[in-house]
Amino acid sequence: HAFEVFTTKASTWWPYRHSSSQVPGLMVTFEPRLGGRIFERSPDGAEVEWGEIVLWEPPTRLSYLWHIRADRSQATDVHISFTAQGADSTRVDIVHGGWDRFDIDGPARRDGNNRGWEGLLPHYIAACAR
């Protein structure tokens with residue numbers, strides 16, 4: 001359930017303010033396959049690519065390159081594991097790395113992205129509980 005909500009129902013919980021377009025009604029898509037794109041589509045059809053899936057192992061693991069508003073060569077690495085903790089609970093571990101690629105800017109980028117995750121994850125947790 002947690003994997004499905006994260007990947008196939010992202011539009012139901014991803015706040016539009018955490019997107020490139022920041023337009024209400026946008027769709028967030030994880031193409032469900034190795035090499036699949038992660039992108040947003042605004043109601044007028046404009047698309048912004050966010051990343052590329054590099055590991056797709058439902059329902060336990062997902063990894064992707066994350067390069068929203070940046071060139072793919074500027075991507076960071078996101079690894080997410082979903083581990084069942086009984087019948088009604090799943091532990092979700094997110095490791096977001098690759099900040100060392102940015103030399104002196106890496107720590108500031110990492111800190112900004114951590115604040116983004118802090119704002120995003122409560123929406124995901126609420127969607128999983130529905």
Side-chain angles (χ1 to χ4, degrees):
H1 174 72
F3 185 96
E4 180 182 356
V5 170
F6 197 95
T7 60
T8 67
K9 298 180 180 178
S11 296
T12 66
W13 60 269
W14 199 289
Y16 70 88
R17 296 244 187 251
H18 281 259
S19 70
S20 287
S21 64
Q22 297 195 355
V23 176
L26 68 85
M27 298 295 295
V28 176
T29 300
F30 285 70
E31 293 179 333
R33 60 182 168 77
L34 185 63
R37 296 181 310 142
I38 304 168
F39 64 95
E40 71 180 70
R41 181 179 295 129
S42 63
D44 68 1
E47 290 185 0
V48 177
E49 193 161 322
W50 292 2
E52 176 187 341
I53 296 171
V54 296
L55 177 71
W56 183 261
E57 294 182 357
T60 59
R61 295 192 313 158
L62 166 70
S63 295
Y64 52 88
L65 300 176
W66 183 251
H67 53 83
I68 188 171
R69 295 185 301 264
D71 184 76
R72 187 181 188 278
S73 67
Q74 298 283 315
T76 54
D77 307 300
V78 179
H79 306 283
I80 307 174
S81 61
F82 302 82
T83 307
Q85 304 277 287
D88 296 327
S89 181
T90 300
R91 178 185 171 105
V92 179
D93 291 297
I94 301 170
V95 177
H96 193 158
W99 304 108
D100 56 325
R101 295 181 191 126
F102 299 102
D103 297 321
I104 197 164
D105 294 334
R109 287 177 179 243
R110 181 198 59 227
D111 293 347
N113 200 271
N114 283 342
R115 285 189 299 277
W117 280 112
E118 289 169 2
L120 186 65
L121 290 176
H123 298 279
Y124 168 65
I125 292 166
C128 285
R130 289 195 276 279

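If you're wondering where the values come from, they're calculated on a predicted model, not measured in any experiment.
For the pair Arg109 and Gln74, the minimum side-chain heavy-atom distance is below 4.5 Å. Under the 4.5 Å side-chain criterion, counting only non-hydrogen atoms from C-beta, Arg37 is not in contact with Glu52. Side chains of Ile68 and Ser20 form a contact here, defined as non-hydrogen atoms less than 4.5 Å apart.
For Phe39, there are no ring-ring contact (aromatic ring centres under 6.0 Å, His included) partners two or more places apart in sequence or in a different chain. Scanning for salt bridge (charged side-chain N to carboxylate O under 4.0 Å, His left out) contacts around Asp93 gives Arg91, with sequence neighbours left out. With sequence neighbours excluded, the residues that form a side-chain contact (heavy atoms from CB on, under 4.5 Å) with Asp44 are Ser42, Ala46.
Taking both residues in full, the closest heavy atoms of His1 and Cys128 are given as NE2-O, 2.9 Å, listed atom of the first, atom of the second, then distance. Residues Leu34 and Leu55 share a closest heavy-atom pair of CD1-N, 3.8 Å. The nearest pair of heavy atoms linking Tyr64 to Phe30 is CE2-CE2, 4.1 Å. In terms of heavy-atom proximity, His123 sits nearest to Pro15 at CD2-CG, 3.3 Å.
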- Chi angles and distances behind the side-chain contact (heavy atoms from CB on, under 4.5 Å) call for His67, Asp71: CA-CA 6 Å; His67 53 83; Asp71 184 76; over 6 Å; no

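For the pair Ser89 (side chain) and Gly86 (backbone), a donor-acceptor distance under 3.5 Å is absent.
In this structure, OG1 in Thr29 is found 5.5 Å from CZ in Arg41, a value given to the nearest 0.5 Å. Separation of atoms CD (Glu40) and CD (Glu47) is listed at 9.5 Å; rounding is to 0.5 Å. Going from atom CG of Asn113 over to atom CD of Glu118 covers 10.5 Å, rounded to the nearest 0.5 Å. Note: Thr12 OG1 to Met27 CE = 9.0 Å, rounded to the nearest 0.5 Å. The distance from atom OG1 of Thr7 to atom CD1 of Ile38, rounded to the nearest 0.5 Å, is 10.0 Å. Taking CG of Leu120 as the reference point, atom CZ of Arg115 lies at 14.5 Å (rounded to 0.5 Å).
With a 4.5 Å cut-off between side-chain heavy atoms of Ile, Leu, Val, Met, Phe, Trp and Tyr, the cluster of Phe102 takes in Trp99. Using a 4.5 Å cut-off between side-chain heavy atoms of Ile, Leu, Val, Met, Phe, Trp and Tyr, Val23 forms no hydrophobic cluster with any other residue.
Surrounding CZ of Arg61 are at most 12 heavy atoms belonging to other residues, nucleotides or ligands under 6.0 Å away. No more than 12 heavy atoms of other residues, nucleotides or ligands sit less than 6.0 Å from atom CZ of Arg72.
Hydrophobic cluster membership differs between Leu65 and Ile94, with clusters built from Ile, Leu, Val, Met, Phe, Trp and Tyr side chains linked at under 4.5 angstrom. No chain of hydrophobic side-chain contacts below 4.5 Å, direct or via other Ile, Leu, Val, Met, Phe, Trp or Tyr residues, connects Val54 to Leu62. Residues Leu121 and Ile80 share a hydrophobic cluster, clusters being chains of Ile/Leu/Val/Met/Phe/Trp/Tyr side chains in contact below 4.5 Å. Residues Tyr16 and Trp117 share a hydrophobic cluster, clusters being chains of Ile/Leu/Val/Met/Phe/Trp/Tyr side chains in contact below 4.5 Å.
Under the ring-ring contact (aromatic ring centres under 6.0 Å, His included) criterion, the residue pairs touching residues 40-61 are Phe3-Trp56, Trp14-Trp50, Trp50-Trp66, with sequence neighbours excluded.
No side-chain N or O of Asp77 forms a donor-acceptor pair with one of His96 less than 3.5 Å apart. In summary, the side chains of Gln85 and Thr90 do not present any donor paired with an acceptor at a separation below 3.5 Å, with no hydrogens or angles considered.
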